[in-house]
Amino acid sequence: MLFYDPTTYFIDEDDWPMGQRTGGGVNFLHCLFAVCHKDLLSELRKREIVNNILFFSVLIIFIFSFAMGTDPLLLKRLAPGLLWIVVLFSAVLSLERSFQAEAEEGCLDRLVLYTVSHRAVFLGKMVTNFLFIVMVQVIVLFMMMILFDLDWFQNPLLLAAVIFFGDLGIATLGTFYSALITKTRARQVMLPLLLFPMLIPLLLASVCVTQAALEGDVFGQSRPWLILLLLYDTIFFAASLMVSGPLMEA
Amino acid sequence: MAGVILELKNLGHRYITHWALANVSLSSTAKEVIAILGPNGCGKSTLLKILATRLDPTCGEGTILGLDLKQNNLEIRTEVEWLGHELGFYKALTAEENLKFSMSLCGKKADRETISEVLTKMGIVKARNKAVGLFSTGMKKRLALARILLRRPNAILLDEPHANLDRDGKQLMNACIIHWKKQGIPVFLASHDHSEVLPLCDKTLVLNHGTVAYFGDPQTIPPDVIL
Amino acid sequence: MDHGLWTMDLGEMFMKYIVIVPVVAFFVFAQVWGLFFAPADQLMGFVQKLMYVHVPAAWTSFIAFFVVFISSLLYLLRKKIFWDHLASAGAEVGVVFTALTLSLGSIWGRPTWGVWWTWDARLTTTAILLFLYAGYIIFRAFIEDRDQRAKLSSPLGILIFLNVPIVYLSVKWWRTLHQVQSNPSTMDPQMALSLRLNAFAFLFVLILFIYYRFRLNQLKEKIEEKQSLPPKGKDHRPWTMDHGPSVGGAI
């Protein structure tokens, strides 16, 4: 088991083993960790992210390099944009898969019916999506550093900050949208269609800050973008958490 | 509120242009096994889903265990367990992990021994560490029964409980239902196979095209009612 | 009900003569004013008059999207399908006006700047808005169940609108990094009058369009209800879609 280990409890009654009688509130964090744990365990068994999506994102970097030509300076300049494009497309793939497993076996019903706190389930899903997206991004960044000779010693803190907050925004809105489209008919097409326009401010901000982190930011141009990113994350985190209740109910 | 277990007033559910349920009114005060029978498409599953608060009724109102279906749906969900056609297990996780996850969602604790006992009673303890994706449908149903036993709800809704079960499985299901009745937990079964279910139940509700055709003692079902 | 010229009912007559005719007349008047009575611009000449339609179209589309936001919020709070119909109507009309804004902006840009498209902050934001709300409409089209559609599209409507100011801000900043031409901001009072006239004309047309789309949604709902009569009581014949409303007496 990864994180969660339930404590012991004694059984009562006849020769029929029974669980604990109803009563006692459902712990929010309990639920959240259970959902995270379950998702991470599933991923460990199925290895979809590691096998498919990571490979796909590294492949895209190569394809891009072939398409854009051999000028190393040009590639270096385009690197921040490329990084976030690759992350966006990989994120869409991993988000689709996140709620698909639930919808397949009718587990989504069970998630809604068993827990009293829809927000805990939503947050749990969001945390696992966030972890997966960060993992993909870090590996892609590493590959790009090798291939395009990027300089991360410039400002590693800023780089870490933009990766954290950028991926948080993608995970928040991504989880919201994938929960939304689980019930509709055309799943594959809808997610990027709905998600990408919403992520445009995040894309602009993240690319700018990444550029500043990799190439040096003499004029402090990236500061307002970072603030915008934080504002964006806060607004959408709060908003999607607030509407996640009615959303899961539908 | 002792007494009224189930009370429905003019419950109706419309899906786009088709009324799956209409004018369903009944009330029951005893903690007993109620079988919902009727031909395919008469609204049995819809009724169970509404009682489980998985669907909202388009019109009418009702209470189950004294809790209103529209207002108190969160409380109903902690008391009531629903088992539908899709059993809701994760294919990549083992039986034990699935049970642990379900229990932690409900806020109940389940240790290894309890899970072992339940799985032994259901006859699938040897598969406890096998991924549920490899289970047959009958085994998944037994696992679902184990989940209900662990969760110990105050009312149980079963949609086609005898489907996909072999003879042993059906006997196990019947034993579970009788056990729950002895425990005082009301059980609502929906089935299109009346021969399996009629011996078990205390009351029968027969639906026809979404309306109540008969509600009462299984011994005295009028002959013209289509089961 | 025979709708000959003499047998229209009171509601329809009201709509036709007291609402539609004045609104259309005012709209035509505003266009005529803008074309012939407002002074021509010094720099841009006649082409500048496109602004009288382009800018009000942008404003009204924004109002329509605000309507979507408020209606979605109210649906979540009140759970009445009325609000969902209004949200849907607002989104549809808003998308039409946004498309109008974009195409007019493009047409205006060609003689003025020589290009069909500039990455101007407002124009780009409008394009993103078009994507967002067209996505909203497409999403709604994929859900058949009325209640589920309402419950799923209201959170969407709320979140989309929250993004609008952020998109505008970020695109504006992004543009200042790339130094593209800015729009003229000063305006002759005569032109301002023409603009205001057009703004009101567009507002009235917007309200009319939203009202009609909203009514259409409500009527569709009524038709669905009428088509799906439930059987009455215990003495009924089995009901199928083929029989339609004539079984067992209508509601």
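Side-chain atoms are counted along with the backbone in the values below, which use heavy atoms only and exclude waters and symmetry mates. Protein chains get the first letters and strands the later ones, always in sequence-line order, with residue 1 at the start of each.
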Query - Verdict with supporting geometry, I235(A) and I166(C), side chain to side chain contact (heavy atoms under 4.5 Å, CB included) - result: CA-CA 10 Å; I235(A) 291 179; I166(C) 306 179; 3.9 Å; yes
Report task. Walk me through it: do Y177(A) and L156(C) pass the test side chain to side chain contact (heavy atoms under 4.5 Å, CB included)? Result -> CA-CA 8 Å; Y177(A) 275 97; L156(C) 188 61; 3.3 Å; yes
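Considering only heavy-atom pairs separated by less than 4.5 Å from chain C, the leading option among L180(A), V243(A), L202(A) is L180(A).
Separation of atoms CG (L132(C)) and CE (M198(A)) is listed at 6.5 Å; rounding is to 0.5 Å. With rounding to the nearest 0.5 angstrom, the CG atom of L162(C) is 10.0 Å from the OG atom of S240(A). A distance of 10.0 Å separates SG in C208(A) from CH2 in W173(C), rounded to the nearest 0.5 Å.
The shortest side-chain heavy-atom distance between L193(A) and F131(C) does not fall under the 4.5 Å cut-off. The side-chain heavy atoms of Y232(A) and N163(C), taken from C-beta on, include a pair separated by under 4.5 Å. At a threshold of 4.5 Å between non-hydrogen side-chain atoms, the residues M190(A) and I138(C) count as touching.
Shown here for L76(C) and P246(A), the closest heavy-atom pair between the two residues is CD2-CB, 3.8 Å. Smallest separation of non-hydrogen atoms from W225(A) and S170(C): CH2-O, 3.2 Å. In plain terms, the two heavy atoms of P197(A) and I128(C) that are nearest each other are O-CG2, 3.9 Å.
The contact between F236(A) and chain C is made entirely by side chain atoms (from C-beta outward), counting heavy-atom distances below 4.5 Å. For L173(A), the part lying under 4.5 angstrom from a heavy atom of chain C is the side chain only. Interface residue A239(A): backbone and side-chain heavy atoms are both found under 4.5 Å from chain C. Interface residue L169(C): only side-chain heavy atoms are found under 4.5 Å from chain A. The part of I200(A) that comes within reach of chain C is its side chain, from C-beta onward, which places non-hydrogen atoms under 4.5 angstrom from that chain.
No more than 12 heavy atoms of other residues, nucleotides or ligands shown are found within 6.0 angstrom of CZ on F62(C). More than 12 non-hydrogen atoms from other residues, nucleotides or ligands lie less than 6.0 angstrom from CZ of F64(A). More than 12 heavy atoms of other residues, nucleotides or ligands sit less than 6.0 Å from atom CZ of F148(A).
At a heavy-atom separation below 4.5 angstrom, chain C is approached by no residue within residues 78-86 of chain A.
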